[in-house]
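As structure tokens, the structure follows; a few thoughts come after it.
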Amino acid sequence: MKKTLNPSNYGGILKAPSSKSYMQRAIAIALLAEGKTNLSNCDKSKDSMAILKMAGQLGAEIETFGDQIQITGNRNFKGPSLSAGESGLGIRTFTPIASLYHQKIELIGEGSLLKRPMNMLEEPLKNLGVEIQSKNGFLPLLVKGPLKGGFSKVDGSISSQVLTGLLIALPLAQQDSVLIVDQLQSIPYIDMTLDIMKKFGIKVQHDQYETFHINGNQKYKSQEYDIEGDWSGASFHLVAAAISGELELLGIQTDSLQADKAILDALKKAGATVHTQKESIMVKKGPLKGFEFDATHCPDLFPPLAVLAAASKGISTIKGVNRLLYKESNRALVLQNELGKLGVDIKIEDDLMIIHGGKIKGGEIDSNHDHRIAMAGAICSLLTEEPIVISNAESIQKSYPDFYRDFDGLCSSKESIV
């Protein structure tokens with residue numbers, strides 16, 4: 001699918017999309033909880049629906065009522081295999097969860113997930129009593145539990161998602177566990193995991209995110225849980241306002257633990273006007289200047305930050321490029337190549353992305369099947385004099401299926417052709 005976006009002004013009021021990251025964690029925990037968990041303000045992204053299907057295959061009873069989902073915890077694998085779709089969090093979280101089961105379970109995926117490394121799962125799970133095989137470090141995975149607990153080391157240098165899966169699963173192991181974590185990245189995502197586990201009755205202790213102590217034989221307690229607004233999806237709208245108008249964003253928590261809340265710091269550094277209240281944000285266009293920003297612990301912000309930098313006068317530097325290699329695409333190179341088609345000068349030097357602000361021109365780009373590249377291309381259209389055409393524009397279904405509807409609704413003097 002191609003999406004054509006014409007130059008536009010941008011502004012209005014928008015309710016933030018639901019947090020995919022919180023919803024996926026909530027589904028996993030509801031599967032393991034005793035009784036019925038009611039989730040509200042749920043999103044319908046492909047990733048979240050893939051994880052909901054995984055929970056059903058692992059035995060959960062699921063009923064859907066609009067944006068509410070009721071999950072009754074029950075562990076009874078229905079087979080024949082367990083597919084995470086393209087969800088990296090899904091595969092890395094549900095592999096330890098599947099390891100709680102006594103039978104052999106095959107975990108599979110599709111698309112870009114087939115190219116993302118899974119070898120960091122193998123050693124920790126083997127050390128914790130699980131039989132596990134991979135295809136030379138990639139999918140499919142074959143696991144056989146039970147996950148017994150004990151002592152293990154975890155490599156956190158590529159992703160925090162393996163640690164999230166282990167943290168969620170290990171409280172149900174028979175033994176207590178100690179995890180030693182090396183070079184943990186995306187620490188805020190672990191804070192999110194610990195936060196939602198605590199709300200469902202689980203206690204975990206850690207020493208500076210380097211050693212985690214997890215007692216076994218704990219029980220998750222079912223809850224009424226409201227999914228908070230998503231800072232990752234909201235970041236694109238906030239940048240759009242900063243470069244081309246004014247936006248009031250509702251349903252977003254400024255005290256959230258989500259890593260991508262850091263977009264507010266970047267907007268302020270660039271010179272946008274930002275006003276915050278407890279559950280709303282107001283962002284207004286200002287005279288933007290080059291900025292420096294460390295996105296090591298919030299790498300999903302690179303695409304909107306790249307557009308913000310392109311709209312800012314001078315040179316901007318964003319740190320954390322090494323975190324972009326194993327996303328839906330090699331996101332650093334894709335940003336460089338695709339935004340380069342629109343006249344944006346991006347250089348990559350080691351762990352730094354250096355962006356020269358200047359005029360953005362119209363043209364055609366390819367999302368490379370990466371949802372965040374498609375959204376970045378859309379907000380670029382606010383700065384051009386000619387249309388921007390996005391190929392593989394449907395990639396937004398992975399995380400934010402209503403993005404174009406929300407974006408188009410905030411644009412004035414603009415026609416869209418799909």
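No experiment lies behind these values; they were computed from the predicted model shown. Side chains are part of it too, since the values below use all heavy atoms of this structure and drop only hydrogens, waters and symmetry mates.
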inquiry  = Could you tell me if the side chain of K15 sits less than 4.5 Å from the side chain of N41, heavy atoms only?
reply    = yes
note = Sequence neighbours excluded, the answer for side-chain hydrogen bond (donor to acceptor under 3.5 Å, both in side chains) partners of Y220 is none
query = Given the rule in the side-chain hydrogen bond (donor to acceptor under 3.5 Å, both in side chains) test, do T193 and R25 qualify, once you have shown the distances and angles that lead to the verdict?
reply = CA-CA 7 Å; T193 300; R25 286 164 171 80; 2.9 Å; yes
note = When every non-hydrogen atom of D370 is compared with those of S395, the smallest separation belongs to O-OG, 3.4 Å
request  = Please name all residues satisfying ring pair (Phe, Tyr, Trp, His ring centres under 6.0 Å) with Y10, sequence neighbours left out, ordered by chain then number.
outcome  = F407
ask   = Taking C-beta and beyond as the side chain, do I390 and K2 meet within less than 4.5 Å on heavy atoms?
value = no
message = Given 3.5 Å as the limit, does a donor-acceptor pair link the side chain of Q70 with the main chain of E63, or not?
response = no
key: Beyond-backbone contact of L166 with V154, side-chain heavy atoms, under 4.5 angstrom   = yes
request  = Output all residues satisfying salt bridge (Lys or Arg N to Asp or Glu O under 4.0 Å) with D345, sequence neighbours left out; order by chain, then residue number.
outcome  = K347
query = Within the side chain of S244, is there an N or O that forms a donor-acceptor pair under 3.5 Å with the backbone of A241?
reply = no
inquiry  = Taking NZ in K284 as the centre, count heavy atoms belonging to other residues, nucleotides or ligands within less than 6.0 Å. Is the count above 12?
reply    = no
ask   = Listed by chain and number, what are the salt bridge (Lys or Arg N to Asp or Glu O under 4.0 Å) partners of D191, not counting sequence neighbours?
value = none
query = Do you know which two heavy atoms are closest between F293 and C298, and how far apart they sit?
reply = CE2-SG, 3.9 Å
ask   = Do Y225 and F200 have their ring centres less than 6.0 Å from each other?
value = yes
request  = Go through the structure and list residues passing side-chain contact (heavy atoms from CB on, under 4.5 Å) with S186, not counting sequence neighbours.
outcome  = S160, Y189, P299, R323
key: Nearest atoms (heavy-atom pairs only) where S177 meets G149   = OG-CA, 3.2 Å
message = Measuring only between side-chain heavy atoms, which start at C-beta, is L172 closer than 4.5 Å to R75?
response = yes
inquiry  = My understanding is that only one of V307, I388, L383 makes a side-chain contact (heavy atoms from CB on, under 4.5 Å) with L342; could you say which?
reply    = I388
ask   = Taking NZ, NE, NH1 and NH2 as the nitrogens, is one of them in K153 or D182 under 4.0 Å from a carboxylate oxygen of the other?
value = no
ask   = Can you name the closest pair of heavy atoms from D176 and N215 and give their distance?
value = OD1-CA, 3.5 Å
inquiry  = Run the side-chain hydrogen bond (donor to acceptor under 3.5 Å, both in side chains) test on S40 and D226 for me, step by step, so that the C-alpha distance in whole Å, both residues' side-chain angles and the decisive distance to 0.1 Å come before the verdict.
reply    = CA-CA 5 Å; S40 56; D226 186 57; 2.7 Å; yes
message = Please enumerate all residues that pass salt bridge (Lys or Arg N to Asp or Glu O under 4.0 Å) together with E34, with sequence neighbours excluded.
response = K219
ask   = So, do L288 and I243 sit near enough that their side-chain heavy atoms are less than 4.5 Å apart?
value = yes
Residues 133-142 side chain polar contacts: donor-acceptor under 3.5 Å, at least two apart:
residue, atom, partner, partner atom, Å
S134, OG, E122, OE1, 3.4
S134, OG, E122, OE2, 2.8
S134, OG, G137, N, 2.9

ask   = Does atom NZ of K261 have more than 12 heavy-atom neighbours, drawn from other residues, nucleotides or ligands, at distances under 6.0 Å?
value = yes
Heavy-atom closest contact (T93 atom, Q161 atom, distance) = OG1-O, 4.1 Å
task = Measure the acute angle between the ring planes of Y400 and H237, then classify it against the limits of 30° and 60° as parallel, tilted or perpendicular.
result = perpendicular
query = Is the shortest distance from a Lys or Arg side-chain nitrogen in K278 or D255 to a carboxylate oxygen in the other one below 4.0 Å?
reply = no
query = Would you call L352 and D350 a side-chain contact if the rule is heavy atoms closer than 4.5 Å?
reply = no
query = Applying side-chain hydrogen bond (donor to acceptor under 3.5 Å, both in side chains), which residue pairs with at least one partner in residues 48-61 are found, sequence neighbours left out?
reply = D43-S48, S45-S48
query = Which salt bridge (charged side-chain N to carboxylate O under 4.0 Å, His left out) pairs, counting each pair once, include a residue from residues 193-216, with sequence neighbours left out?
reply = D195-K199
remark   = Residues at least two apart in sequence or cross-chain that pass side-chain contact (heavy atoms from CB on, under 4.5 Å) with Q175, listed by chain then number, are K148
query = Should E338 and K341 count as an ion pair when the cut-off is N to O under 4.0 Å?
reply = yes
ask   = More than 12 non-hydrogen atoms from neighbouring residues, nucleotides or ligands closer than 6.0 Å to NZ on K269, yes or no?
value = yes
inquiry  = Taking atom CD as the centre, does E123 end up with more than 12 heavy-atom neighbours from other residues, nucleotides or ligands that are less than 6.0 angstrom away?
reply    = no
S316 side chain vs I355 backbone, donor-acceptor pair below 3.5 Å = no
key: Verdict with reasoning, D260 to S232, per side-chain hydrogen bond (donor to acceptor under 3.5 Å, both in side chains)   = CA-CA 6 Å; D260 292 345; S232 300; 2.5 Å; yes
Extract all donor-acceptor atom pairs below 3.5 Å that involve side chains of residues 97-107 and protein atoms in other chains or at least two apart in sequence.
residue, atom, partner, partner atom, Å
S99, OG, T95, O, 2.8
Y101, OH, L58, O, 2.6

message = Go through it in stages, so that I can follow the logic: the residues are T276 and T254, the test is side-chain hydrogen bond (donor to acceptor under 3.5 Å, both in side chains), and I'd like the CA-CA distance, side-chain angles, deciding distance and then a yes or no.
response = CA-CA 7 Å; T276 62; T254 55; 5.5 Å; no
query = Looking at side-chain heavy atoms only, is the closest gap between Q258 and S21 below 4.5 Å?
reply = no
ask   = What residues, two or more places apart in sequence or in another chain, satisfy ring pair (Phe, Tyr, Trp, His ring centres under 6.0 Å) together with Y209?
value = H206
key: Min side-chain heavy-atom separation S256-W231 under 4.5 Å   = yes
Expected output: side-chain K78 to main-chain G59 donor-acceptor under 3.5 Å = no
message = Quick test of your reading of the model: are K20 and D47 salt-bridged, counting only N-O distances below 4.0 Å?
response = yes
